[in-house]
Amino acid sequence: MARDYNFQEIERKWHQKWNELHTYKVTEDEEKKKFYVLNMFPYPSGAGLHVGHPLGYIASDIYARYKRLQGFNVLNPMGYDAYGLPAEQHAIKTGQHPEISTFQNIDHYREQLDKIGFSFDWDREVRTCTPDYYHWTQWAFQKMFGSFFCNKEQKAKPIEALVAHFEKEGTAGWDVACTEEMQFTAEEWNSWDEKKQSDVLMNYRLAFMGETMVNWCPQLGTVLANDEVVNGVSERGGYPVEQKKMRQWCLRVSAYSQRLLDGLDTIQWSDSIKETQKNWIGRSEGTEVEISVADSDIRFTIFTTRADTMFGVTFFVLAPESELVDQVTTAGQRAQVDEYIKYVKSRTERERMIDHTVTGVFSGAYGINPITGDRCPIYIAEYVLAGYGTGAIMAVPAHDSRDYAFARHFGLPVIPLVEGADVSEESYDAKEGIVTNSPVSKDKSVEYDGETLCLNGLSIKEAIRETKRFVSAHNLGRVKVNYRLRDAIFSRQRYWGEPFPVYYRHGIPTMIPEDCLPVKLPEVEKFLPTATGEPPLGNAQMWAWDEVNRKVVDKALIDDSTVFPIELYTMPGFAGSSAYYLRYMDPKNDKALVSEKAASYWQNVDLYVGGSEHATGHLIYSRFWNKFLFDLGISKKEEPFQKLINQGMIQGWSSFVFRVKGTQTYVSYDLLDVQYDDAAKKNRFFYQGTEADPIYTDISTVKNGNQLDVDKFRAWMPEFKEARIVTNEAGHYIISQAIEKMSKSKYNVVNPDDICERYGADTLRLYEMFLGPIEQSKPWDVAGIDGCFRFLKKFWTLYFDKEGNVSCDDSEPTADNMKSLHKLIRKVTADIEAFSYNTSVPAFMVATTELSQQKCRSRKVLEPLAVLIAPFCPHVAEELWEAMGHTTTVCDATWPVFEEKYMVESMVKMPVQFNGKVRFTMTFEASATPDAILEAVIGAPEAARYLEGMEVVKKIVVPGRIVNLVIKPKN
RNA sequence: GCCCUGAUGGUGGAAUGGUAGACACGAGGGACUUAAAAUCCCUUGGCCAUAACGGCUGUACGGGUUCGAGUCCCGUUCUGGGCACCA
């Protein structure tokens, strides 16, 4: 009976077996070392998986399988990030509950994933939208609500400790992360009523309700976090975003700025992601200086990183949103200031980002420079941001380009402070040079305690240090570290998200008792905001949610006869994805997020695989969330993800046909005139003078690379059925192509199911890895897949003879066999460790060819070989493993260990295809001369085998390493 | 503007400072076949040359270090990504 590589049968068989045997089920095992592999869980979209999705899953699956073969207890779970906007919008459109469509999509995803043969432990699956999961999202939120951050210890602590401190000492003597600096005494605190105390505590809680400027997106009807706004428009949908002051739930992520920054040094992430996060956190060390407003007792604080330029200040600027604006504005300037504020408010965030023209207005007031004693005008201008530093700056036009532009526009003086700096055309922003004019003359520097500041002759860096010292010593200000990182806005005005476990008792936000969690998402009839503008949850029959929630309400309101309103906001997308890796450790626990035992065993994720687009979103929030849980003792490691690999995107080939405007005529691309439109920055196409529009056509309608399959095109959509097709002279219709992100709307999606159908999952897995470095984005190109398929067929034949019988035997392997095998072991092991799977694939191909030529039959070679390929092509490996007589699965085999001795024994490396060239590799003393090396190699018995009857026509010696002999038969 | 990546054949991409272009795709040629498919073999960076041997050149560009540079250093030009009136 001939035994072909029948992948369909093999894959079906092993999927079933793995299921029956629970091959991938994992439990805590103290005897074994743990290894935690994790993929960023997918959002189950209606479009299903395309070939880009599995790229990361395959890479991590290879690693997980490899680690398992090395004897580790590997946790490799999968789940779904099930809350999201598309499901909600689908619900609004169709009226179908988002849960229904989400679960359908999940089923479809699961079906597709199962075909590819992953080693996921599906018993641990999580879905963020199920109550038993979001129970712990709500719980964590409540814990954050009940915590504050101690700056000194850099740690979260229970809010009760802070309250106790307030009761005894007020704000004195405790440095705590807060929204704004507050000062009050114990007497004041104790005199306040519950509402006032609650409001004050919001200033300190890690999850708090704050009146903040938020990114409001009218079209989506919700607020957005900073990372959800890209170029001034919403990331989803691309709608305009405006700034609006609203009361929202926030997470005090900024409290953890320094720890988030420091932690980056302890994890193995790519430099680019670390850099992105560093930028996002945006630490800057500077100085705060107190400025008093002339002829008043108003004082304000400015922040600068260039304390050395105090002598060059010629004006001050306040952000338009600053509370000081109102205070300092003089009666004479009031009207102009009001008008300017009105103008600023009318501008959207996007306009402000794109348009950098200089605007501003004089407030009428003057500030006193404490160093020089100069009176400098105070301006109000939108180039100063309220949210950063103190919302007020000192302007040094000579050494800051923005200040320079402003000074030139308003005719303000420019005082250069660096030797040789030419500021006639532009400012000198560089932090290099020798300071001068600081002060210009002795009387230009104010004396404090008998000391005046003089920076002349110092380098800029020295001058900054000296000014900091001076300012601190004489109490004019303080050294201060600022972070760009903002607190995360945590509420959304949507339906399809986690409900907040919060109700309002006499207007005070109050947590629903912990033992009543989870608060379930109520049913609503409509998924849109209510008529009164409340979020969609306002449509719910308030207290008629379900039995559990009635219990919640009963219990929460036990002392009251009134019914209190419950929070109508829901949590944002990142809520459910922030701690899911902990839940996988113990997914069915209904007593805790994760048990002490499971958390202690699994610790944190060793290898995390996902896209780099989450650098400033999920990957920041998750780190924050984990650090908080670490402070609570729940999470056992400060950092959640030890190593991170960012897989690139697989792009699709978009194909275009060209329809002549206003007709049903489609013209071949090569018959068109292409003109570049400068204004629109794109190409325009013309056919006999009439413009033709490019129209997406499905990739399935493309044949021979760039031709349209007219029959398929007509059949694809009804509107093309009667199309008039204009082909070129050869009778072909040429399409135009572009490489773009895979998307349903671009009709360029390649579905992994089709590949599995045609070539099998093993070929798909191998090919996706072969496509190129894992971290790189690359277009999908089916052309190369045949090569991988051919390889697998060839690999298969190593194990079977022509009659289809298993051909391996117990013979002793030759030196060449062992060398080929161990070369492969070394290469594949190193590649997997380094995540450069793409270079392992060729190594397999070479080894297969070599062993095939050597007619290797020894099971001492073929068995380890099957183990080596198991992480990549598990189905083939299992089948071969079984064929060789094993009763256990290949998953329980042992990863072969490379042994140097096999390389030495067979020193002569014989190219498979002998092109008159032999290469010898030996290690020599560094001092060995080329001649000595040559002599040693030619004299070696291994070489003699190849040199017999041959004549050496050329010798190439590379010192220390390689000897090449070009030989030909002696005539 | 600042920060981070990268630049190698027709294509994807290999090369601990040591034969540049592994492996694959594509292309060309051949074998088998009535034919097709499948399979197998050969050639394939460029230029020059040949009956044959061969020679020169070559990793974005310009320098440098080294016995030796795709790799290390300096400068330049582009590609991709991040941040951006952040003081």
Side-chain angles (χ1 to χ4, degrees), chain A residues 230-231 270-284 286-288 302-307 309 313 316-317 319 352-359 381-396 399-403 405-406 429 482-486 612-613 615-616 646 648 705 766-767 770-773 775-791 793-794 797 827 830-831 836 838-849 911-913 915-917 919 921 930 953-954 956-966 968:
Chain A
V230 178
N231 291 329
S270 72
D271 286 343
S272 63
I273 289 267
K274 284 189 186 182
E275 206 56 42
T276 303
Q277 290 212 344
K278 271 182 199 167
N279 285 340
W280 191 257
I281 296 167
R283 181 192 153 102
S284 76
T287 315
E288 278 187 357
I302 58 97
F303 175 77
T304 179
T305 55
R306 290 293 302 274
T309 57
V313 175
F316 295 99
V317 188
R352 239 173 119 155
M353 281 179 75
I354 295 168
D355 175 22
H356 283 189
T357 48
V358 177
T359 65
E382 61 177 339
Y383 84 90
V384 173
L385 306 177
Y388 186 76
T390 59
I393 62 150
M394 64 178 209
V396 186
H399 302 292
D400 183 289
S401 48
R402 296 154 303 180
D403 297 345
F406 195 85
D429 290 15
N482 258 328
Y483 300 91
R484 206 185 69 90
L485 185 66
R486 290 298 134 77
S612 57
E613 66 272 20
T616 55
N646 301 114
L766 203 63
Y767 181 58
F770 182 57
L771 216 47
E775 309 222 44
Q776 195 174 295
S777 288
K778 54 243 160 183
W780 177 260
D781 183 2
V782 270
I785 203 164
D786 290 308
C788 288
F789 187 56
R790 271 201 287 271
F791 157 73
K793 281 198 274 189
K794 204 164 167 187
T797 59
K827 175 73 178 153
D831 280 349
S836 63
N838 59 320
T839 58
S840 283
V841 180
F844 273 113
M845 294 178 181
V846 171
T848 303
T849 311
V912 180
Q913 199 50 56
N915 297 328
K917 220 180 193 184
R919 181 188 303 175
T921 310
V953 293
K954 194 179 175 187
I956 305 161
V957 180
V958 180
R961 292 227 143 215
I962 291 161
V963 175
N964 279 330
L965 301 180
V966 177
K968 64 173 186 184

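The figures here come from the full heavy-atom set of this structure, side chains too, leaving out hydrogens, waters and symmetry mates. So that the names make sense, note that chain A is the first sequence line, chain B the second, and so on, each numbered from 1. These figures come from a predicted structure and were not determined experimentally.
Ranked by how close their nearest RNA chain B nucleotide is to the 5' end, A/Thr390 and A/Thr276 are led by A/Thr276. Between A/Asp400 and A/Met845, the residue whose closest nucleotide on RNA chain B is further toward the 5' end is A/Met845.
Using bins of under 30°, 30° to 60° and over 60° for the plane-to-plane angle, the ring pair A/Phe303/A/Tyr388 lands in the perpendicular bin. Using bins of under 30°, 30° to 60° and over 60° for the plane-to-plane angle, the ring pair A/Trp780/A/Tyr767 lands in the perpendicular bin.
Close to B/A87, at under 4.0 Å from its OP1 or OP2, lies a side-chain N or O of A/Tyr388.
With a glycosidic angle no further than 90° from 0, B/G9 counts as syn.
How far CG of A/Asp400 is from CD1 of A/Ile393: 6.5 Å, rounded to the nearest 0.5 Å.
As judged by a 4.0 angstrom heavy-atom cut-off over every strand, A/Val317 is placed among residues making no nucleic acid contact. Within the 4.0 angstrom heavy-atom criterion, no nucleotide atom of any strand lies near A/Ser612. Heavy atoms of A/Asn482 sit nowhere under 4.0 angstrom from any nucleic acid atom. Using a 4.0 Å heavy-atom cutoff across all strands shown, A/Ser840 reaches no nucleic acid atom at all. Contact annotation for A/Ile393: base contact, defined as any heavy-atom pair under 4.0 Å involving a base atom.
The existence of a salt bridge linking A/Lys827 and A/Asp831 is confirmed by a sub-4.0 Å separation between a basic side-chain nitrogen and an acidic carboxylate oxygen.
Nucleotides B/U71 and B/G1 are separated by 27 Å at their P atoms, to the nearest Å. Of the C1' atoms belonging to B/U44 and B/U11, the separation is 14 Å, rounded to the nearest Å. Atom name P, nucleotides B/C85 and B/U77: the rounded distance is 26 Å, in whole Å. Separation of the P atoms belonging to B/U57 and B/A69 is 13 Å when rounded to the nearest angstrom. B/C56 and B/A49 have their C1' atoms separated by 11 Å, given to the nearest Å. With both ends at atom C1', the span from B/G80 to B/G9 equals 22 Å, rounded to whole Å. When the P atom is compared between B/U76 and B/G68, the two are found 26 Å apart, to the nearest whole Å. Taking the C1' atom of each, B/G70 and B/U33 are spaced 46 Å apart, rounded to whole Å.
When distances are taken from the side chain of A/Asp271 to each of B/A14, B/U5, B/U39, the shortest belongs to B/U5. Counting only heavy atoms from C-beta on, A/His356 has its side chain closest to B/C85 among B/G12, B/C85, B/C83. Here B/A14 is the nucleotide among B/G82, B/U39, B/A14 with the atom lying nearest to any side-chain atom of A/Asn838. Ranking B/A38, B/C4, B/A87 by closeness to the A/Thr304 side chain, first place goes to B/A87. Relative to the side chain of A/Ser284, the nucleotides B/U39, B/C85, B/A87 differ in distance, and B/A87 lies closest. Nearest to the side chain of A/Glu275, among B/G82, B/C83, B/C3, sits B/C3. Set against B/C40, B/A38, B/C83, the side chain of A/Arg484 has B/C83 as its closest nucleotide. The A/Lys827 side chain lies nearest to B/A15 when the options are B/A15, B/C4, B/A38. Of the candidate nucleotides B/A87, B/A24, B/C4, B/C4 has the atom nearest to the side chain of A/Ser272. Nearest to the side-chain atoms of A/Thr839 among the listed nucleotides B/A84, B/C23, B/A15 stands B/A15.
Atom CZ in A/Arg283 sits roughly 13 Å away from atom P in B/A87 (whole-Å rounding). Atom CD in A/Glu775 sits roughly 14 Å away from atom C1' in B/G80 (whole-Å rounding). Between A/Trp280 atom CH2 and B/G82 atom P the separation is 11 Å, expressed in whole Å. The CH2-C1' distance, from A/Trp780 to B/G12, rounds to 13 Å in whole Å. With rounding to whole Å, A/Arg790 atom CZ is found 9 Å from B/C25 atom C1'. One atom, OH of A/Tyr383, and another, C1' of B/A87, lie 8 Å apart when rounded to the nearest Å. Between A/Lys778 atom NZ and B/C25 atom P the separation is 18 Å, expressed in whole Å. The nearest whole Å value for the distance from the CD atom in A/Glu613 to the P atom in B/C83 is 12 Å.
Look at B/G1: its Watson-Crick or wobble partner, with both distances under 3.5 angstrom, is B/C83. Base pairing analysis places B/C78 opposite B/G6; the two distances defining the Watson-Crick or G-U wobble pair are each below 3.5 Å. The pairing partner recorded for B/C40 is B/G30, the criterion being a Watson-Crick or G-U wobble arrangement whose two distances lie under 3.5 angstrom. Base pairing of B/C56 is made with B/G46, judged by Watson-Crick or G-U wobble geometry with both donor-acceptor distances under 3.5 Å.
Using a 4.5 Å heavy-atom threshold, the side chains of A/Leu766 and A/Phe789 count as separate.
A/Ser270 places a side-chain N or O within donor-acceptor distance of the main-chain N or O of A/Ile273, the cut-off being under 3.5 Å. Although no hydrogens or angles enter the test, the distance criterion places a donor-acceptor pair under 3.5 Å between the side chain of A/Asp403 and the main chain of A/Val396.
In summary, the aromatic rings of A/Tyr483 and A/Trp280 are positioned with their centroids too far apart to meet the 6.0 Å limit.
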